[in-house]
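Beneath this line is the structure, given in structure tokens, with notes to follow.
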Amino acid sequence: MINIPDLDFKVAIVMGANTGLGYATAVSLAARGAHAFLACPSREKALEAIEKAKVEIRRDFSKLRAATNPKLEFLELDLNDLRKTRKSAQDFLDRGLPLHILINSSGMAGVRSPSSPFLFTMVMLDRIKKSQPSRIINVRYTGICVSQGSNRSFKCRKTVTNTASNMARNGRSKLCNVLFTKALARRLGKERVFVNLAHPGTVRTEFARNEEVQWGPTFTRIIDILTGVVFFYTVKAACLTQVYCATSPKIVNKDIRGRHFIPIANELQPNPTAEDVEAQEALWAYYEKLIQDKAPLRNKRI
């Protein structure tokens with residue numbers, strides 16, 4: 001297990017924090033004093049999660065000073081709509097708060113576009129820089145990085161067709177997470193903003209509630225059986241890798257950036273495709289064009 005330091009006066013945003021890994025991550029951060037924002041689309045579910053988290057923190061972390069009054073808030077975030085994604089980021093900025101920790105996830109159930117975390121990060125980036133030392137953690141879920149055709153073909157259909165095409169799309173999405181992490185880390189190399197990628201491992205959470213839509217009933221049944229038998233990590237254990245990237249003093253002290261971590265807090269050498277700078281830049285250009293077409297930004301090229 002990892003040692004999580006005191007996080008008083010730190011502000012964190014955790015995507016998908018109303019359930020599963022995001023929820024466990026928000027609990028871990030808030031229990032140590034961070035002001036944690038649960039970024040998710042449903043206010044009702046987020047508020048339920050916040051009340052549950054407060055009870056859990058006071059019960060399980062009673063020896064920690066922050067446990068008496070944990071700071072958790074809801075931030076409305078719909079990653080399926082780029083304009084709403086941009087508005088959510090702007091709503092946070094209007095609060096005038098710093099942002100020390102951003103945990104991105106395009107693995108939230110039902111989310112189709114990995115470009116939404118890119119947009120959210122770009123809107124937040126100046127604030128993150130002003131809050132340094134700060135961290136950006138991109139969460140990559142279970143699966144291998146694959147690509148269909150050219151490694152630089154990133155466009156994915158939203159329409160569900162069959163299991164094979166969904167597997168290919170899912171693989172491209174994971175590859176995009178790695179390429180985005182590498183490209184952003186390189187751009188922020190002179191800043192004290194530490195960008196890393198975290199893989200939580202295989203864990204059964206509510207993230208799977210949209211499996212049947214994505215994979216079809218037969219493949220979903222196979223996944224259900226396998227994850228019921230081969231259960232590698234509890235949610236509380238699975239979240240520790242991203243918590244490590246978000247909080248460990250080693251990240252800052254050893255200038256760790258652009259790295260890929262797997263459970264629990266172990267560095268993994270990435271697929272060689274992830275080191276392809278041309279592929280990273282092609283993805284970055286694709287994201288920028290997509291955003292400018294659908295949710296334009298002002299002066300956000302870095």
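Positions are given from 1 along the sequence.
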- line: Residues joined to Ile262 in its hydrophobic cluster, side chain to side chain under 4.5 Å directly or through other members, sorted by chain and number, are Leu268
Determine, for [X] against [Y], whether the closest basic-nitrogen to carboxylate-oxygen distance falls under 4.0 angstrom.
X: Asp293; Y: Lys289; value: yes
X: Glu191; Y: Arg257; value: no
X: Arg65; Y: Asp6; value: yes

Are any of the side-chain heavy atoms of [X] and [Y] separated by less than 4.5 Å?
X: Leu175; Y: Leu283; answer: no
X: Val14; Y: Leu38; answer: no
X: Asp60; Y: Lys236; answer: yes
X: Pro200; Y: Thr241; answer: no
X: Ile101; Y: Val11; answer: no
X: Phe194; Y: Leu188; answer: no
X: Leu75; Y: Ser88; answer: yes
X: Phe118; Y: Leu184; answer: no

What distance do [X] atom [atom1] and [Y] atom [atom2] have between them, rounded to the nearest 0.5 Å?
X: Glu76; Y: Lys84; atom1: CD; atom2: NZ; value: 7.5 Å
X: Lys45; Y: Lys52; atom1: NZ; atom2: NZ; value: 13.0 Å
X: Phe9; Y: Lys71; atom1: CZ; atom2: NZ; value: 7.0 Å
X: Met15; Y: Asn138; atom1: CE; atom2: CG; value: 8.5 Å
X: Asn3; Y: Lys250; atom1: CG; atom2: NZ; value: 9.0 Å
X: His35; Y: Ile13; atom1: NE2; atom2: CD1; value: 10.0 Å

Which atom of [X] lies closest to which atom of [Y], heavy atoms considered:
X: Ala238; Y: Leu21; result: CB-CD2, 3.3 Å
X: Gln292; Y: Pro296; result: O-CG, 3.3 Å
X: Arg135; Y: Ile251; result: NH1-CB, 3.3 Å
X: Ile137; Y: Ala198; result: CG2-CB, 3.9 Å

message: Can you confirm whether the side chains of Ser42 and Asn18 place a donor and an acceptor under 3.5 Å from each other?
response: no
message: Within the 3.5 Å criterion, strictly below it, is a donor on Trp284 or Gln280 matched to an acceptor on the partner's side chain?
response: no
message: Donor-acceptor pair, distance only, cut-off 3.5 Å: does the side chain of Thr85 make one with the backbone of Asp78?
response: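 Yes, because the side chain of Thr85 sits within donor-acceptor range (under 3.5 Å) of the backbone of Asp78.
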query: Do any N or O atoms from the side chain of Ser105 and from the backbone of Val139 form a donor-acceptor pair under 3.5 angstrom?
result: no
Single-linkage hydrophobic cluster [X]~[Y], side-chain heavy atoms < 4.5 angstrom:
X: Tyr23; Y: Leu7; value: no
X: Ile136; Y: Phe92; value: yes
X: Ile291; Y: Leu93; value: yes
X: Ile103; Y: Ile4; value: yes
X: Tyr233; Y: Val27; value: no

task: Begin from the C-alpha positions of Tyr287 and Cys176 and carry the test side-chain contact (heavy atoms from CB on, under 4.5 Å) through to its verdict.
output: CA-CA 10 Å; Tyr287 278 169; Cys176 288; 3.4 Å; yes
- request: With sequence neighbours left out, write down each residue that passes ring-ring contact (aromatic ring centres under 6.0 Å, His included) with Phe261, or none if nothing qualifies.
  value: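 Counting only residues at least two positions away or on another chain, Phe261 forms a ring-ring contact (aromatic ring centres under 6.0 Å, His included) with Tyr244.
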- prompt: side-chain contact (heavy atoms from CB on, under 4.5 Å) between Glu281 and Val277: does it pass, once the steps are laid out?
  reply: CA-CA 6 Å; Glu281 292 306 304; Val277 174; 4.2 Å; yes
message: Applying side-chain hydrogen bond (donor to acceptor under 3.5 Å, both in side chains), can you list everything that pairs with Arg86, at least two apart in sequence or on another chain?
response: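 Partners of Arg86 by the side-chain hydrogen bond (donor to acceptor under 3.5 Å, both in side chains) criterion come out as none, since no residue qualifies.
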